[in-house]
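Just below is one structure, and these are the notes that go with it.
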Number of protein chains: 2
Amino acid sequence: MAGLPTLAVVGATGAVGTVMCELLTGRRNVWGEIRLLASERSAGRKVRCRGEELTVQVLTEEALDGVDVAMFDVPDEVAAHWAPIAVSRGAIVVDNSGAFRMDPDVPLVVPEINPEQLRNRPRGIVANANCTTLAMIVAVAPLHRQYGLRELVLASYQAVSGAGQGGADALHDQLAKVAGDRLLGSRTGDVRQAVGDDLGPFPAPLALNVVPWAGSLADGGWSSEEMKMRNESRKILGLPDLKVSATCVRVPVVTGHSVAVHAVFATEIDADGARGVLRNAPGVIVVDDPAAGEFPMPIDAVGTDPSWVGRIRRAVDDPRALDFFVTGDNLRKGAALNTAQIAELLAKTLTHP
Amino acid sequence: MAGLPTLAVVGATGAVGTVMCELLTGRRNVWGEIRLLASERSAGRKVRCRGEELTVQVLTEEALDGVDVAMFDVPDEVAAHWAPIAVSRGAIVVDNSGAFRMDPDVPLVVPEINPEQLRNRPRGIVANANCTTLAMIVAVAPLHRQYGLRELVLASYQAVSGAGQGGADALHDQLAKVAGDRLLGSRTGDVRQAVGDDLGPFPAPLALNVVPWAGSLADGGWSSEEMKMRNESRKILGLPDLKVSATCVRVPVVTGHSVAVHAVFATEIDADGARGVLRNAPGVIVVDDPAAGEFPMPIDAVGTDPSWVGRIRRAVDDPRALDFFVTGDNLRKGAALNTAQIAELLAKTLTHP
């Protein structure tokens with residue numbers, strides 16, 4: 001592995017970090033040393049990665065020395081503090097938090113869409129988009145190139161692991177409490193009573209429920225997650241005037257974010273043409289035969305790389321509008337995979353044969 | 001109860017019929033005799049209704065004699081056959097199936113919106129709207145009256161009991177199979193394997209999943225449920241040119257249909273104005289304080305009468321568009337309650353004091 005760049009995975013023990021170690025195991029000859037870093041709480045833990053047993057080290061300034069690329073999957077405030085330190089120690093940072101995504105000096109990169117923006121990184125940081133945006137934008141971008149996107153109306157069906165391992169744990173705990181009682185879900189408040197205070201990172205029970213809220217409160221009653229879908233879509237597509245309305249809803253799914261997309265274009269669009277564009281799009285798989293029970297669903301898309309797209313149909317009342325449904329693994333393309341893809345593009349420019 | 005009209009409940013033992021008996025128990029001095037009718041399979045069953053123990057009778061022509069109002073909650077083909085027979089025997093039919101909703105000679109009535117259309121029923125049949133349409137239209141109609149509706153983009157989060165008691169049973173069975181295995185939902189196909197063939201009336205597992213399909217295949221890749229939301233909204237609101245795009249998705253919720261609504265109006269709209277309109281609207285409750293964890297959710301709305309509306313916000317990029325989230329009990333306002341309300345309006349015209 002001489003000559004191959006050194007990678008640090010910061011936040012190696014979270015839900016995304018765990019999937020990242022899986023992904024790195026399947027991708028040889030990209031990285032030399034892989035260094036796993038985390039908070040003191042997780043330091044010392046042993047993690048199998050790329051066939052090696054690695055010991056998680058504490059994130060310190062010194063631990064970043066000699067790192068060529070540092071992938072960050074940590075909370076916004078941790079990334080805001082540590083990413084510039086990693087850069088000052090000589091690393092390029094690929095950050096999966098929300099801390100830098102809208103910084104005009106930080107490119108927001110989806111390798112299938114705008115890889116050329118990787119070159120322009122004045123702060124030494126490249127941002128990874130929000131997991132809900134990523135699932136959807138991989139399908140929207142090729143349609144935009146063909147038909148000229150004007151507007152998006154989005155409604156999400158977001159999995160609990162988007163809120164981290166604590167989200168997945170909370171749903172499993174709640175399901176254990178409600179399963180077996182066939183009367184639950186039929187009386188107001190009965191699920192709240194059965195679940196009790198065990199809400200995990202959510203404002204309400206997820207078992208037998210949907211929660212129309214993700215993130216924090218932004219202006220005008222919007223959630224931060226909804227504003228991310230708007231602002232990140234605009235930045236990734238390079239469309240500062242794109243109209244976007246998103247409603248973000250958490251559902252009782254472990255992993256796999258889905259989005260119902262209503263997209264309005266500059267020109268007329270037909271479903272067969274759109275299907276053809278999507279079939280040829282990188283990172284997209286078309287699953288669209290409702291009569292045969294084939295449509296995108298989280299239980300199928302989880303653990304896979306592409307965005308699954310189906311239910312492709314032209315709006316009945318608007319020849320310029322297309323409706324479709326997309327599902328992607330929020331821990332893979334929505335987080336670890338996109339980060340790994342960006343880091344690998346960077347690695348190619350760093351490798352000294 | 002002398003002088004009060006006779007009511008027949010056809011399909012008395014299904015999910016909606018069961019809720020209907022609950023509702024009738026709380027509504028005295030409306031009906032004289034209540035006659036419960038069902039298929040041979042359910043005949044002879046004892047059901048408590050309005051404090052009486054009633055025996056379910058087989059639906060026959062003779063069993064309809066002397067009935068003033070017959071509520072039907074049976075499959076489309078059963079309603080198509082039996083509703084005209086009930087009319088020929090002297091009853092007014094209130095039908096909750098899809099058999100007559102788009103018949104120009106059958107009014108499609110939501111008492112809060114278009115009760116005046118009850119008077120014009122040349123076939124002697126009044127139709128009840130689809131459960132997903134009803135949850136949403138109660139909130140949309142008062143906004144239309146104030147601001148002039150032009151377009152709806154809808155995404156639904158539909159409960160399994162919308163597919164009848166078999167839907168609720170299937171979800172409970174599936175939950176019992178997946179609960180307790182904390183690894184489920186993290187690998188492609190693992191939930192399918194755990195659930196096996198026990199899909200109930202659905203094309204895929206609902207536990208730990210969302211299924212972007214409801215109903216049968218209509219033209220252009222649309223589902224019949226999505227076309228109902230479009231066509232019934234147009235008919236109820238009297239807007240034959242309304243643009244509607246709906247995506248209907250089944251979620252693992254027992255009872256309580258939710259809809260993410262993006263509504264475009266003729267005039268500018270602001271969230272506070274819309275909130276005021278909705279607070280004064282009959283059949284609507286506004287629950288809209290995200291910072292306090294207050295938004296509409298099925299676990300709260302189930303078992304209640306109104307449509308719960310929240311997440312009310314003006315589109316960031318379009319001053320004429322409003323986004324909101326609405327949840328209603330699909331067995332109550334979505335079915336039994338609206339039917340009962342229609343029947344009660346009819347009863348008033350039939351009562352001979």
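Note that these values count all heavy atoms, side chains included, but never hydrogens, waters or copies made by symmetry. Here the structure is a predicted model, which means the values were calculated and not measured. Labels below follow one simple rule: chain letters A, B, ... track the order of the sequence lines, proteins then strands, and each chain is numbered from 1.
- Taking B:S245, B:P205, B:A176 one by one and counting their heavy-atom pairs under 4.5 Å with chain A, the maximum is reached by B:S245.
- If you tally non-hydrogen atom pairs under 4.5 Å between each of B:T188, B:L175, B:L171 and chain A, the highest count goes to B:T188.
- Taking the six-membered ring for Trp and the full ring otherwise, A:Y157 and B:Y157 have centroids separated by under 6.0 Å.
- At a 4.5 Å heavy-atom cutoff, the contact between A:D169 and chain B is made by backbone and side-chain atoms alike.
- Interface remark: B:R314 contributes backbone atoms only to the contact with chain A (heavy atom separation under 4.5 Å).
- Between A:R250 and A:E225, none of the side-chain N atoms (NZ, or NE/NH1/NH2) sits under 4.0 Å from a carboxylate O, so this pair counts as no salt bridge.
- Between chain B and the residues A:L154, A:V302, A:D288, A:I299, the largest count of heavy-atom pairs under 4.5 Å involves A:I299.
- The greatest number of non-hydrogen atom pairs below 4.5 Å with chain A, out of B:V244, B:V249, B:D318, is found for B:V249.
- If you measure heavy-atom distances from B:N209 to chain A, the contacts under 4.5 Å come from both the backbone and the side chain.
- Interface remark: of the candidates B:G303, B:G293, B:A321, B:P252, B:P252 forms the most heavy-atom pairs closer than 4.5 Å to chain A.
- Both the backbone and the side chain of B:S186 come within less than 4.5 Å of a heavy atom of chain A.
- Chosen from B:V191, B:D190, B:V210, the residue pairing most often with chain A at heavy-atom distances under 4.5 Å is B:V210.
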